Amino acid sequence: MADSTETASAPATTVSAPAARSNENRSTTPGSEGFKEYISSGWADRTEEVPPAREQAPFAAARRERVSRLHPGHRLIVPAGRLKQRANDTDYPFRAHSAFAHLTGWGTDAEPGAVLVFEPTATGHDTTVYFRERAGRDSDEFYANSEIGEFWIGPRPSIAQVAGDLGLTVRGIDDFAEVLRRVDSETLLVREADPFLTGQVDDARLRNAAERMLTTNAADAPFSVEINGAHDADAGLARDLSELRLVKDAYEIGQMRLAVAATARGFEDVIRDLPRSSTHQRGERLVEGVFNTRARADGNTVGYDTIAASGPHACILHWTRNDGPVTPGDVMLLDAGVEVDSYYTADITRTLPIDGTFTDVQRRVYDAVREAADAAFLVAKPGAIFREVHAAAMAVIARHTADWGMLPVTAEEALQPENGQHRRYMVHGTSHHLGLDVHDCAQARRDMYMDGVIEPGMVFTIEPGLYFQPDDLTVPAEYRGIGVRIEDDILITETGAENLSAGIPRGSAEVEAWMAALQA
């Protein structure tokens with residue numbers, strides 16, 4: 001790759017920014033006046049076409065309105081986040097914070113360092129996005145700054161273009177200095193999105209709190225000297241933004257369908273390639289690569305690290321090293337999801353017999369997991385409690401592991417709250433919410449999540465499994481080293497539930513027929 005340079009610093013501004021990573025000791029970027037004069041001239045005029053508002057803009061506006069009603073009178077700051085260093089002067093691909101994406105409608109084209117601000121008014125909030133606008137070609141930033149210079153990363157939008165695209169008021173990042181000057185003890189912030197900006201806002205809030213304490217008691221302010229360490233008020237904002245995503249709108253549901261469809265194509269690609277993958281000493285890596293190719297072709301990337309776990313690796317819940325062989329006679333647990341350009345991701349698991357046919361024992365385990373998934377699916381309907389979905393699956397898991405002689409107690413005894421011996425073979429939960437994050441809505445309160453009432457528009461997984469470790473002496477020898485999980489993405493409707501991933505075969509016989517057809 002080209003050797004990046006940072007000979008030019010960011011334009012001076014009252015808004016501090018992390019220092020650029022300097023490469024001046026090895027830079028070969030020209031710095032002569034002749035070069036600067038020449039590179040700034042001879043460019044065609046830019047076409048300044050302002051796009052219409054994107055499809056998701058009205059949905060994002062409705063979400064912002066809901067947030068405004070939850071926090072009247074408070075300034076709210078929701079950063080997109082910044083580039084994160086991978087090694088030296090290389091960064092991970094940028095992904096905006098999910099709360100920022102949800103409230104702006106910006107996805108893969110989001111700008112690093114952007115900030116959404118809710119400014120309180122008498123009737124609600126004015127919302128503005130601040131971002132670092134592109135530099136002119138007469139600026140050395142254009143050719144010498146590898147993080148934001150267009151010579152390095154390609155064309156960047158203007159303020160007017162972003163404003164039209166998002167249907168939002170947009171200003172340059174330099175103007176965010178005025179927001180920092182207005183920050184008070186009532187200002188709330190999404191802390192985790194941008195640690196550098198969090199430090200700036202914390203400093204401003206502490207100054208404000210200290211000034212107030214000179215004349216009055218500031219202890220009742222959401223952010224004050226007394227409670228600075230807990231950041232409870234900021235946690236409340238993060239909670240509200242997380243709970244806002246528990247019920248998906250029509251746009252989000254459409255994006256989830258796209259993500260599931262792309263993921264289904266990725267699974268088909270993997271199956272077609274299994275004859276090749278099974279001949280390589282690191283066949284799991286080939287499986288991962290095949291699926292990731294589909295994710296990049298049909299979406300943005302994978303929604304999480306692909307789990308391509310073959311043989312005993314299928315018993316390791318988050319096996320992402322993927323450096324083992326894909327051996328005929330074993331099963332492979334493939335847990336993968338495509339993230340589309342709007343950041344919405346699928347999360348689907350299928351367990352595949354590598355040579356196309358389950359052994360009797362593998363089928364026995366697989367069919368038990370399928371039965372548990374079907375039992376959970378029957379419970380997933382409006383009005384049910386979220387944790388009841390898990391309980392339905394666990395009743396099946398307990399019964400089968402007891403019947404197979406693995407439990408020291410009966411299934412009924414294992415299901416008692418003080419016991420749970422069957423959970424040795426499935427320690428994870430059966431379901432989690434899904435959306436912009438693979439584990440979406442993670443900061444929601446328990447009474448809204450695990451103990452919450454299921455509502456139409458919710459999207460979550462159903463993913464029971466059984467994992468019999470190769471060295472587990474409580475397991476009959478014939479079961480050891482077998483891991484099975486079946487995971488589907490569920491949309492709650494007004495009358496029940498729709499399995500968004502039902503088009504990907506689930507039954508053991510269906511999986512075998514599916515594989516045979518794809519490899520014919």
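The residues of the chain are indexed from 1 along the displayed sequence. As the structure is a computational prediction, the values presented were derived from the model and not from experiment. These numbers come from the heavy atoms of this one structure, side chains and all, not from hydrogens, waters or symmetry mates.
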**Request:** For Glu413 and Asn419, test the side chains for any donor-to-acceptor distance below 3.5 angstrom and give the result as yes or no.
**Result:** no
**Item:** Tyr425 and Asp472: CA distance, side-chain angles, deciding distance, side-chain contact (heavy atoms from CB on, under 4.5 Å) verdict
**Value:** CA-CA 10 Å; Tyr425 314 109; Asp472 189 342; 3.5 Å; yes
**Prompt:** Judged by atom type as modelled, is there a donor-acceptor pair below 3.5 Å linking the side chain of Arg239 to the main-chain atoms of Gln443?
**Reply:** no
**Request:** With rounding to the nearest 0.5 Å, note down the distance linking CZ in Phe460 to CG in Leu434.
**Result:** 11.0 Å
**Asked** Salt bridge or not for Arg156 and Glu111, using N-O below 4.0 Å?
**Response** yes
**Request:** Determine whether the side chains of Gln255 and Ser342 contain a donor N or O and an acceptor N or O closer than 3.5 Å.
**Result:** yes
**Message:** Between Arg66 and Asp240, does any side-chain N to carboxylate O distance fall below 4.0 Å?
**Reply:** no
**Prompt:** Is the backbone N or O of Arg276 less than 3.5 Å from a side-chain atom of Asp273, with the two atoms forming a donor-acceptor pair by type?
**Reply:** no
**Request:** Report the distance from atom CE of Met458 to atom OG1 of Thr493, rounding to the nearest 0.5 Å.
**Result:** 13.0 Å
**Lys/Arg-Asp/Glu bridge criterion (N-O < 4.0 Å) met for Asp360, Arg364** = no
**Asked** Below 4.0 angstrom, N of the basic side chain to O of the carboxylate: do Arg480 and Asp471 qualify?
**Response** no
**Prompt:** Would you call Arg350 and Asp488 a salt bridge, taking side-chain N to carboxylate O under 4.0 Å as the test?
**Reply:** yes
**Request:** Search all heavy atoms of Ser310 against all heavy atoms of Asp330 and return the closest pair with its distance.
**Result:** OG-CB, 4.4 Å
**Prompt:** Okay, side chain of His390, backbone of Thr430: is any donor-acceptor separation there less than 3.5 Å?
**Reply:** yes
**Message:** Please give me the minimum heavy-atom distance between Phe100 and Leu116, naming the atom from each residue.
**Reply:** CE1-N, 3.7 Å
**Message:** Check this for me: does any side-chain nitrogen of one of Arg257 and Glu252 sit under 4.0 Å from a carboxylate oxygen of the other?
**Reply:** no
**Prompt:** Taking C-beta and beyond as the side chain, do Val190 and Leu241 meet within less than 4.5 Å on heavy atoms?
**Reply:** yes
**Item:** Tyr479/Phe468 aromatic ring centres below 6.0 Å
**Value:** yes
**Asked** Heavy-atom distance under 4.5 Å between the side chains of Met256 and Thr345, does that happen here?
**Response** no
**Fill in**
The reported gap from CD1 in Ile490 to CD1 in Ile462 (rounded to nearest 0.5 angstrom) is 4.5 Å
**Item:** Least distance between heavy atoms, Ala110 atom then Tyr343 atom
**Value:** CB-OH, 4.5 Å
**Message:** Any non-hydrogen side-chain atom of Met426 less than 4.5 Å from a side-chain atom of Val369?
**Reply:** no
**Message:** Does this structure show an ion pair linking Arg399 with Glu371, if we count only N-O contacts that are shorter than 4.0 Å?
**Reply:** yes
**Message:** Aromatic contact between Phe386 and His433, with the criterion being ring centroids under 6.0 Å apart: yes or no?
**Reply:** yes
**Message:** Parallel, tilted or perpendicular: which one describes the rings of Phe291 and Phe267, with boundaries at 30° and 60°?
**Reply:** perpendicular
**Asked** With distance as the sole test, does Glu510 use its side chain to make a donor-acceptor pair with the main-chain N or O of Pro505 at under 3.5 Å?
**Response** no
**Message:** Quick check: closest heavy atoms across Ala393 and Pro464, and the distance to 0.1 Å?
**Reply:** CB-CB, 4.3 Å
**Prompt:** Do Glu512 side-chain atoms and Thr357 backbone N/O form a donor-acceptor pair below 3.5 Å?
**Reply:** no
**Message:** Salt bridge check, Glu147 against Arg82: does any charged N sit closer than 4.0 Å to a carboxylate O?
**Reply:** no
**Message:** Within the supplied structure, the quantity of interest is the number of heavy atoms (other residues, nucleotides, ligands) at a distance under 6.0 Å from Arg296 CZ; does it exceed 12?
**Reply:** no
**Fill in**
Correct closest heavy-atom pair for Cys315 and Gly483 would be SG-N, 3.9 Å
**Request:** Go through the steps to decide whether Met406 and His422 satisfy the test side-chain contact (heavy atoms from CB on, under 4.5 Å), and finish with yes or no.
**Result:** CA-CA 8 Å; Met406 299 177 187; His422 60 293; over 6 Å; no
**Request:** Show your reasoning for whether side chain to side chain donor-acceptor pair (under 3.5 Å) applies to Glu288 and Asn322.
**Result:** CA-CA 7 Å; Glu288 176 185 0; Asn322 298 339; 3.2 Å; yes
**Prompt:** Does some side-chain heavy atom of Asp335 sit less than 4.5 Å from a side-chain heavy atom of Thr306?
**Reply:** no
**Message:** I want to check something: taking the side chain as every heavy atom from C-beta on, are Leu333 and Tyr467 in contact at a cut-off of under 4.5 Å?
**Reply:** yes
**Prompt:** Would a distance-only check, ignoring hydrogens and angles, find a side-chain to backbone donor-acceptor pair under 3.5 Å from Thr198 to Arg191?
**Reply:** yes
**Prompt:** Any donor and acceptor pair, going by atom type alone, linking the side chain of Thr461 with main-chain N or O of His432 inside 3.5 Å?
**Reply:** yes
**Message:** Does Trp106 form a side-chain contact (heavy atoms from CB on, under 4.5 Å) with Leu166? I'd like the steps, not just the answer.
**Reply:** CA-CA 7 Å; Trp106 238 346; Leu166 301 181; 3.8 Å; yes
**Request:** Enter the distance from Asp323:CG to Arg282:CZ here, rounded to the nearest 0.5 Å.
**Result:** 5.5 Å
**Request:** Kindly say whether Arg86 contributes a backbone atom to a donor-acceptor pair with the side chain of Thr90 at under 3.5 angstrom?
**Result:** no
**Under-4.0 Å salt bridge between Arg95 and Glu339** = yes
**side-chain contact (heavy atoms from CB on, under 4.5 Å) assessment of Val67 paired with Leu103** = CA-CA 9 Å; Val67 173; Leu103 295 174; 3.8 Å; yes
**Request:** Please name the pair of heavy atoms, one in Thr351 and one in Val511, separated by the smallest distance, quoted to 0.1 Å.
**Result:** O-CG1, 4.3 Å
**Asked** From Ile504 CD1 over to Thr263 OG1, what is the distance, rounded to the nearest 0.5 angstrom?
**Response** 6.5 Å
**Note, Thr327 side chain near Asp355 side chain (heavy atom, < 4.5 Å)** = no
**Prompt:** Is a side-chain donor-acceptor pair under 3.5 Å present for Ser508 with Asp367?
**Reply:** yes
**Item:** Under 3.5 Å: donor-acceptor pair, side chain of Tyr449, backbone of Ala444
**Value:** no
**Request:** Decide yes or no for Val365 and His400: does some side-chain heavy atom of the first lie under 4.5 Å from some side-chain heavy atom of the second?
**Result:** no
**Asked** So, do His318 and Tyr304 have ring centers that fall under 6.0 Å from each other?
**Response** no
**Prompt:** Quick one: does His313's side chain get under 4.5 Å of Met332's, heavy atoms only?
**Reply:** no
**Any donor-acceptor N/O pair, Gln519 side chain to Ala516 backbone, under 3.5 Å** = no
**Asked** Does Arg294 come within less than 4.0 Å of Asp298, counting only side-chain N to carboxylate O?
**Response** yes
**Prompt:** Got a salt bridge between Asp249 and Arg63, using NZ or NE/NH1/NH2 to carboxylate O under 4.0 Å?
**Reply:** yes
**Asked** What distance separates Leu352 CG from Thr349 OG1, expressed to the nearest 0.5 Å?
**Response** 10.5 Å
**Message:** Go through it in stages, so that I can follow the logic: the residues are Ser501 and Asn499, the test is side chain to side chain donor-acceptor pair (under 3.5 Å), and I'd like the CA-CA distance, side-chain angles, deciding distance and then a yes or no.
**Reply:** CA-CA 5 Å; Ser501 48; Asn499 184 350; 3.1 Å; yes
**Prompt:** Does a side-chain N-to-carboxylate-O contact under 4.0 Å join Arg272 and Asp269?
**Reply:** yes
